[in-house]
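We number each residue from 1, following the sequence as shown. Atoms within each ligand, like the ligands themselves, are counted from 1 in listed order. Nothing here was measured: the structure is a model prediction, and the numbers come from that model.
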Amino acid sequence: MDQSSNKNVSLPPDHPRYESLKYRHKIIEGMKNLIVAEAGLIAHGRGECFDYILGEKTSKTAKKAINAAVASFLLAENPIISINGNVAALCPDEVVKLSKILDIPLEINIFYRKEGRIKAITKQLKSAGAADLLGTDEKKMVNINELSSNRRKVDPKGIYKADWVMVPLEDGDRTEALKKNGKNVIAIDLNPISRTSIWADITIVDNIVRTIPKMIETAQNYKHLSKKELMEIQGEFNNKENIKNTLDLIIDYIASQKENAFTILKK
Ligand code: PTJ
């Protein structure tokens, strides 16, 4: 029995929805510890819904986007990974590991600025081993243009001067603002037709809990490639095409599930 993630609920590892329940509990615990915003629970539920119709696996289109994202990060001059409450609750160890392998700082940037949240997220990332952590000192923050939400406050050493920004589980307004400020954006979003997905330069339509380990693996392989090879991987990627192909995969998956469901019902 895995009782670590929620003190009141036992999760038998052989439960058919074990993985999904495990991450739900991480989000719930994160909310109790101020890491996750209340709205983060709803955002997680929306993500689960999209993950379901993607077959809860990393698709070949997501893998293509991951390759392009890692190549772009290795070519970037000032890359940065933005961290919000959901990301900090779901995969703190993995984002810290990715940041170290790629030598890219993490910047905490949250939408819901409730008292104590930055501190709680900082603590979570520091216990996961984060060394290079930006966005922690309110006094040092500057505003980016084109944005009225709390996300406009960014670190001058991070998002403000970045050329490539990765924004997992993002709202559309900020992705649009980052683009208008001349940034290249990598999104991780299970919804392939969200405004974030459409605005981003590289859209990884996948669950972050699968994406980050795959990015780590890819980074370990790509670190040895030449600049020319990385530029080829980046240049071959077409985000619009990739999103269209992802939508086709969803349509195919639903069609296959329709057949399965009817076979089961007939029994
Ligand atoms: O911690 P804060 O204050 O910065 O707030 C974070 C949330 C997530 C609450 C905030 O950014 C928000 O409201 O986001 P949205 O507008 O709900 O968008 C979140 C997107 O992430 C949606 O398109 C979801 O489908 C998607 N999503 C949710 N869970 C996952 C995901 N994408 C990838 N992996 C997930 N696990």
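Judged by the shortest distance from any of its heavy atoms, Asp206 lies inside the 4.0 Å radius around the atoms of ligand 1.
The shortest N/O to N/O separation between Ile208 and ligand 1 falls below 3.5 Å. By the 3.5 Å distance cut-off applied to N or O atoms, Ala37 is not counted among the residues near ligand 1. Every N/O-N/O distance between His44 and ligand 1 stays at or above 3.5 Å. An N or O contact shorter than 3.5 Å is missing between Gly40 and ligand 1 by distance. Polar contact check, Gly85 against ligand 1: a nitrogen or oxygen pair lies under 3.5 Å apart. Considering backbone and side-chain atoms alike, Ser194 places every N or O at 3.5 Å or more from each N or O of ligand 1. The shortest N or O to N or O distance between Phe111 and ligand 1 is below 3.5 Å. Residue Asn86 places no N or O, backbone or side chain, under 3.5 Å from any N or O of ligand 1.
Residue Arg117 has at least one heavy-atom neighbour below 4.0 Å for each of these atoms of ligand 1: 1 (O), 2 (P), 3 (O). Taking every heavy atom of Leu90 and a limit of under 4.0 angstrom, the matching atoms of ligand 1 come to 36 (N). Those atoms of ligand 1 that come under 4.0 Å of a heavy atom in Gly47, given as number and element, are 25 (O), 27 (N), 28 (C), 29 (N). Near Asn191, meaning under 4.0 Å from one of its heavy atoms, ligand 1 places the atoms 23 (O).
Surrounding NZ of Lys179 are more than 12 heavy atoms belonging to other residues, nucleotides or ligands, all under 6.0 Å away.
Counting heavy atoms from C-beta outward, Arg17 and Glu56 have side chains that approach closer than 4.5 Å. Here the side chains of Leu98 and Ile104 are not in contact, with every heavy-atom distance at 4.5 Å or above.
Pairing each heavy atom of Ile243 with each of Pro192, the nearest pair is CG2-O, 3.5 Å.
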Stepwise side-chain hydrogen bond (donor to acceptor under 3.5 Å, both in side chains) check, Glu107 with Ser82: CA-CA 5 Å; Glu107 176 168 340; Ser82 180; over 6 Å; no
Walk me through it: do Asn239 and Thr203 pass the test side-chain hydrogen bond (donor to acceptor under 3.5 Å, both in side chains)? CA-CA 7 Å; Asn239 204 40; Thr203 306; 2.9 Å; yes
CA sep, side-chain torsions, deciding dist, call: Leu133, Thr136, side chain to side chain contact (heavy atoms under 4.5 Å, CB included): CA-CA 7 Å; Leu133 203 50; Thr136 53; 4.1 Å; yes
Determine, stepwise, if the pair Arg195 / Asp173 fulfils salt bridge (charged side-chain N to carboxylate O under 4.0 Å, His left out). CA-CA 8 Å; Arg195 283 192 309 132; Asp173 279 358; 2.7 Å; yes
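Looking only at atom types and distance, the side chain of Thr61 has no donor-acceptor partner in the side chain of Asn245 under 3.5 Å away. One side chain, Asp51 or Asn207, offers a donor N or O that lies under 3.5 Å from an acceptor on the other.
Clustering ILVMFWY residues whenever any of their side-chain heavy atoms sit less than 4.5 angstrom apart, transitively, puts Leu106 in a cluster other than the one holding Phe111. Follow the hydrophobic side-chain contacts under 4.5 Å out from Ile118 and you reach Val96 in the same cluster. Under a hydrophobic-cluster definition in which Ile, Leu, Val, Met, Phe, Trp and Tyr are linked whenever side-chain heavy atoms come within less than 4.5 Å, directly or via other members, Val70 and Ile233 are assigned to the same cluster.
Between Asp155 and Lys161 there is no salt bridge, since no side-chain N of the basic residue sits under 4.0 Å from a carboxylate O of the acidic one.
The closest protein non-hydrogen atom to atom 36 (N) of ligand 1 is Asn207 OD1, 2.9 Å. The protein atom (non-hydrogen) at minimum distance from atom 11 (O) of ligand 1 is Arg151 NH2, 2.7 Å. Of the protein's heavy atoms, Asp171 CB, 3.7 Å lies nearest to atom 16 (O) of ligand 1. Annotation: atom 32 (N) of ligand 1 to nearest protein heavy atom, Leu190 N, 3.2 Å. With hydrogens left out, the protein atom closest to atom 18 (O) of ligand 1 is Glu170 O, 3.4 Å, a heavy atom. Nearest protein heavy-atom neighbour of atom 5 (O) of ligand 1: Tyr112 CD1, 3.8 Å. Closest to atom 22 (C) of ligand 1, if we only count protein heavy atoms, is Asp189 OD1, 3.7 Å.
Nearest to atom 8 (C) of ligand 1 by heavy atom, out of Gly30, Ala43, Cys49, is Ala43. With distances taken over non-hydrogen atoms, the option nearest atom 30 (C) of ligand 1 out of Asn84, Leu169, Asp51, Ile35 is Leu169.
Atom 28 (C) of ligand 1 is flagged as protein-proximal [any protein heavy atom, distance under 4.0 Å].
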